[in-house]
Amino acid sequence: MALFIDKLENFIKSHNDRQLVTIPLAVFAIALLIMVFVYSTSGSPVNLGMEFKGGTMISFQTDDPIEKLEADYSEYSLADVRKTGQRAVLQFGPMDNDEQLELEKKITSAYSSVEIRQVGAVYGKDLQVQALQAVVLSFIGMAIVVFLIFRSTIPSVAVVLSALSDIGIAAAFMNITGIELSLGTVAALLMLIGYSVDSDILLTTRVLKRRGSANEKISLAMHTGITMTTTTLAALVVMYIVSTYSYVLTSTISQINLLSDISIVLIFGLLADLMNTWLLNTGILRWYVKKNPKGVKT
């Protein structure tokens, strides 16, 4: 930890403000391009999960391999097959009532411990609107609070831009790795706004409100902020391992997909936040201090 902080601190001191912001802005631009590509092919910047596009999820006990399950149910608009231990999870796209009943009858007659979950397409569209509203309103509320706290345009914009970049990079990561947008991953993106603002406000408050040189204040904020973020990352890594691979220890425990998706999205989002806070936000704040020394304590 100390070695990483020292290397990052030396990197910041040895590069000018333009160089610091170039790296995170380039990564953010790539993330936006990925989302634009996905939007052009699917109609949504992130691949939608069953909750948002409708469909059926069926889980059951079986020893059959994934290849056999794919072959047996490929005629039913099969979207995904997962297997953890002795439990399989099959996800299907929207179907008409007759096809739905036929599928359920076929599975319940062949397997035991069958669990069926269905989401209608109309309900999924309503959830899309509600999820979008939740993210947008949370972001607007965060931006308003940040502007009220600092009452300075550039530092406030830096905090908002950093949070926006965190969400954009996390969404692009979801597209690359095939993680769909579900109610769980929406919750992860909302939590990511809070985590991002936490470290950015810490940095901005230290730089604008404390006495000392800009580099000294950034260094002090870095030791506190990175410790906070890495502590959260450690907890998330443990949650991801337990929720994703606990079935390796015993077949009676299945993969907890909701917690697995939430934790991996937050992990990658917080890694992006380390970059955006300590390169992007730091570069903007250091430039602001040089251009506006009267508004900063020294």
Side-chain angles (χ1 to χ4, degrees), residues 8 11-12 15-53 79-80 93 124-125 127-140 142-143 146 154 156-197 199-200 229 233 236 240 260-285 287:
L8 181 58
F11 180 85
I12 291 172
H15 290 76
N16 60 41
D17 303 328
R18 181 177 298 179
Q19 291 171 328
L20 289 183
V21 303
T22 298
I23 297 174
L25 288 179
V27 175
F28 184 38
I30 294 172
L32 290 178
L33 289 175
I34 292 172
M35 287 189 289
V36 168
F37 174 77
V38 173
Y39 181 82
S40 66
T41 57
S42 66
S44 173
V46 183
N47 292 316
L48 300 177
M50 188 185 71
E51 292 95 337
F52 296 109
K53 62 183 180 183
D80 184 37
K125 290 185 181 299
L127 279 180
Q128 286 185 45
V129 175
Q130 293 173 12
L132 180 62
Q133 289 175 342
V135 174
V136 171
L137 290 176
S138 298
F139 203 85
I140 291 174
M142 176 271 295
V146 169
I154 293 178
S156 300
V157 168
V159 174
V160 173
L161 178 61
S162 180
L164 181 62
S165 180
D166 289 348
I167 294 175
I169 294 172
F173 168 77
M174 290 169 58
N175 288 329
I176 293 173
T177 56
I179 298 175
E180 296 179 332
L181 187 68
S182 63
L183 293 178
T185 51
V186 168
L189 294 176
L190 291 174
M191 285 187 282
L192 191 57
I193 295 175
Y195 283 125
S196 172
V197 172
S199 57
D200 286 319
T229 302
L233 278 171
L236 290 171
Y240 175 72
S260 179
D261 289 346
I262 289 176
S263 55
I264 191 60
V265 171
L266 282 175
I267 287 169
F268 201 85
L270 286 179
L271 291 175
D273 184 57
L274 285 172
M275 176 185 66
N276 287 319
T277 298
W278 306 110
L279 296 183
L280 177 60
N281 202 0
T282 295
I284 295 174
L285 282 176
W287 172 83

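Because the structure is a prediction, the values reported are computed rather than measured.
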Q. Is there side-chain contact between Ile12 and Leu20, with at least one heavy-atom pair below 4.5 Å?
A. yes
When rounded to the nearest 0.5 Å, the distance separating NE2 of His15 from CD1 of Ile23 is 7.0 Å
In this structure, OG1 of Thr185 is separated from CD of Glu180 (nearest 0.5 Å) by 9.0 Å
Here the gap from Leu33 atom CG to Phe28 atom CZ, rounded to the nearest 0.5 Å, amounts to 10.5 Å
Between the CG atom in Leu8 and the CG atom in Leu279, the distance rounded to the nearest 0.5 Å is 6.0 Å
Discussion item. Keeping Thr277 on the side-chain end and Thr282 on the backbone end, is there a donor-acceptor pair under 3.5 Å?
Written reply: no
Looking only at heavy atoms, the pair that brings Ala134 and Ser138 closest together is O-OG, 2.7 Å
Distance col, row Ile267:CD1 vs Leu236:CG, nearest 0.5 angstrom, shows 5.5 Å
Donor-acceptor pair, distance only, cut-off 3.5 Å: does the side chain of Asn175 make one with the backbone of Met35? no
Any side-chain heavy-atom pair from Leu181 and Leu189 closer than 4.5 angstrom? yes
Tightest non-hydrogen contact, residues Gly184 and Ile262, listed as O-CG1, 3.2 Å
Check your understanding: Counting distance only, does the side-chain N/O of Ser162 pair as donor-acceptor with the main-chain N or O of Ala158 below 3.5 Å?
Key -> no
dist Phe268:CZ -> Leu233:CG (nearest 0.5 Å) comes out at 12.0 Å
Let me have the donor-acceptor pairs involving side chains of residues 163-174, under 3.5 Å, with sequence neighbours excluded, atom names and distances please.
residue : atom : partner : partner atom : Å
Ser165  : OG   : Asn276  : OD1          : 3.2
Ser165  : OG   : Asn276  : ND2          : 3.1
Asp166  : OD1  : Asp273  : N            : 3.4
Asp166  : OD1  : Asn276  : ND2          : 2.6
Asp166  : OD2  : Ser196  : OG           : 2.8

